[in-house]
Q: 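Got a structure here, written out as structure tokens. Questions coming.
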Amino acid sequence: MEPISRREFIKGSTTLAGGVAVAPAFIPNLLSDSPGERINVALIGIAGKRPSVRGIISGRGIEHINRYAAIPNVKITTLCDTDERLWPEKVKMTEDKFGITPKTEWDFRKVLEDKSIDVVSIATPDHWHALMTIMACQAGKDVYVEKPVCHNIYEGRKMVEAARKYN
């Protein structure tokens, strides 16, 4: 890859950030209401319970559940976390939001083997982001990953290479 100047990086990052910010507004228009067009999401990493400034309990896993619930024809069908103690509360929350009982799994590799999963949403500790993204791409899944997406430029490049290679 050719070196990029700081100015080009900032300009590209700003454009990308703007696109990410407006993308949720357009996603509902891209989806039909047909049951066959439902998008099944696996949420990997459901912890992250912490009080916010306004005293509301939130976390990245909870935010993912709430945000996906606002998109038509999107269902979280699998919850994955190594801490099984979190499952009952998050399963209940997912049932309330989506009207289905999600599967639970502690090994993300088994989630990637599930052919019914269309999208993997990664809200794990930061050091897992790059590896899980690459493996999900290899498994043919679409990926949403929390920031920071990686710890260094090498990991980021490998993530982009995987996304391009596996479409």
Side-chain angles (χ1 to χ4, degrees), residues 1 4 9 12-21 23-24 27 38-53 56-71 74-95 97-98 100-167:
M1 296 185 87
I4 186 169
F9 177 78
S13 299
T14 305
T15 304
L16 178 62
V20 170
I27 290 173
R38 184 172 90 182
I39 296 174
N40 295 323
V41 177
L43 174 54
I44 302 177
I46 60 174
K49 201 175 189 184
R50 63 183 185 274
S52 72
V53 177
I56 301 168
I57 300 296
S58 67
R60 296 317 305 155
I62 294 170
E63 284 298 316
H64 284 229
I65 292 170
N66 290 331
R67 298 294 178 173
Y68 285 119
I71 304 172
V74 173
K75 303 278 186 200
I76 294 179
T77 57
T78 304
L79 298 175
C80 178
D81 201 288
T82 56
D83 189 350
E84 297 174 10
R85 297 171 300 173
L86 302 170
W87 290 357
E89 177 188 358
K90 299 305 188 304
V91 165
K92 173 82 170 87
M93 180 183 288
T94 306
E95 286 173 340
K97 299 271 184 187
F98 297 96
I100 60 170
T101 302
K103 293 183 255 181
T104 53
E105 182 56 60
W106 65 269
D107 186 347
F108 80 94
R109 296 169 299 184
K110 291 185 180 174
V111 171
L112 299 180
E113 293 171 0
D114 186 344
K115 300 293 184 206
S116 69
I117 300 295
D118 302 307
V119 176
V120 174
S121 193
I122 302 171
T124 59
D126 301 346
H127 62 274
W128 278 104
H129 290 182
L131 180 62
M132 285 185 178
T133 297
I134 292 167
M135 291 177 73
C137 288
Q138 290 171 333
K141 310 298 183 194
D142 289 321
V143 180
Y144 172 81
V145 61
E146 280 292 328
K147 64 181 182 185
V149 292
C150 59
H151 282 294
N152 55 57
I153 293 171
Y154 177 79
E155 286 180 349
R157 286 183 178 155
K158 291 299 175 187
M159 293 166 76
V160 170
E161 287 174 16
R164 289 180 178 157
K165 181 177 180 179
Y166 299 103
N167 199 23

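Only this structure's heavy atoms are used, side chains among them; waters, hydrogens and symmetry mates stay out. Note that this is a predicted model, so its numbers are computed, not measured. Residue numbers run from 1 in the order of the sequence given.
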Q: Side-chain contact test, heavy atoms from C-beta onward, threshold under 4.5 Å: evaluate it for Arg38 versus Thr77 and give yes or no.
A: yes

Q: Of all the heavy-atom pairs spanning Leu43 and Gly61, show the shortest one and how long it is.
A: CD2-O, 3.5 Å

Q: Do Asp142 and Asp118 make a side-chain contact, defined as non-hydrogen atoms from C-beta onward lying under 4.5 Å apart?
A: no

Q: Check the pair Glu155 / Lys158 against salt bridge (charged side-chain N to carboxylate O under 4.0 Å, His left out), numbers first and verdict last.
A: CA-CA 5 Å; Glu155 286 180 349; Lys158 291 299 175 187; over 6 Å; no

Q: Using a 3.5 Å distance criterion without hydrogens, assess whether the side chain of Lys75 forms a donor-acceptor pair with backbone atoms of Phe98.
A: yes

Q: A side-chain contact here means heavy atoms from C-beta on lying under 4.5 Å apart; do Val91 and Thr104 qualify?
A: yes

Q: Considering residues, nucleotides and ligands other than Asn167, do more than 12 of their heavy atoms fall under 6.0 Å from its CG?
A: no

Q: Please report the interatomic distance CD(Glu113) to CZ(Phe108), rounded to the nearest 0.5 Å.
A: 10.5 Å

Q: If I take atom CD from residue Glu84 and atom CG from residue Leu79, how far apart are they, to the nearest 0.5 angstrom?
A: 12.5 Å

Q: Would you give the length of the straight line joining atom CE of Met159 to atom SG of Cys137, rounded to the nearest 0.5 angstrom?
A: 8.0 Å

Q: Taking atom CH2 of Trp128 as the centre, does the number of heavy atoms from other residues, nucleotides or ligands within less than 6.0 Å exceed 12?
A: no

Q: Between Cys80 and Asp107, what is the shortest heavy-atom contact and its length?
A: SG-C, 4.0 Å

Q: Thr124 and His129: which non-hydrogen atoms are nearest, and at how many Å?
A: O-NE2, 2.8 Å

Q: Please lay out, stage by stage, how Met132 and Val145 fare under the test side-chain contact (heavy atoms from CB on, under 4.5 Å).
A: CA-CA 9 Å; Met132 285 185 178; Val145 61; over 6 Å; no

Q: As an exercise, state the distance from CD of Glu89 to OG1 of Thr94, rounded to the nearest 0.5 Å.
A: 10.0 Å

Q: Tell me whether Lys141 contacts the main-chain N or O of Ile117 through its side chain, where contact means a donor paired with an acceptor under 3.5 Å.
A: yes

Q: Considering non-hydrogen atoms only, spot the tightest contact between Glu95 and Thr101 and give its length.
A: OE2-OG1, 2.7 Å

Q: To the nearest 0.5 Å, what is the distance between OH on Tyr144 and OG1 on Thr133?
A: 11.0 Å

Q: Using 4.0 Å as the upper bound for N to carboxylate O, is an ion pair formed by Lys90 and Asp81?
A: no

Q: If I take atom CD from residue Glu63 and atom OH from residue Tyr68, how far apart are they, to the nearest 0.5 angstrom?
A: 12.0 Å

Q: Could you tell me whether the side chain of Ile46 reaches within less than 4.5 Å of the side chain of Trp87, counting heavy atoms only?
A: yes

Q: Specify the closest pair of heavy atoms between Ser116 and Asn40, including all atoms of both residues, with the distance to one decimal.
A: O-ND2, 3.0 Å

Q: Which heavy atom of Lys110 sits nearest to which heavy atom of Glu105, and what is that distance?
A: CD-OE2, 3.6 Å

Q: Assess the residue pair Asp114 and Lys103 against the criterion (side-chain contact (heavy atoms from CB on, under 4.5 Å)); give the C-alpha distance rounded to whole Å, side-chain angles, the decisive distance to 0.1 Å, and a yes or no.
A: CA-CA 11 Å; Asp114 186 344; Lys103 293 183 255 181; 2.6 Å; yes

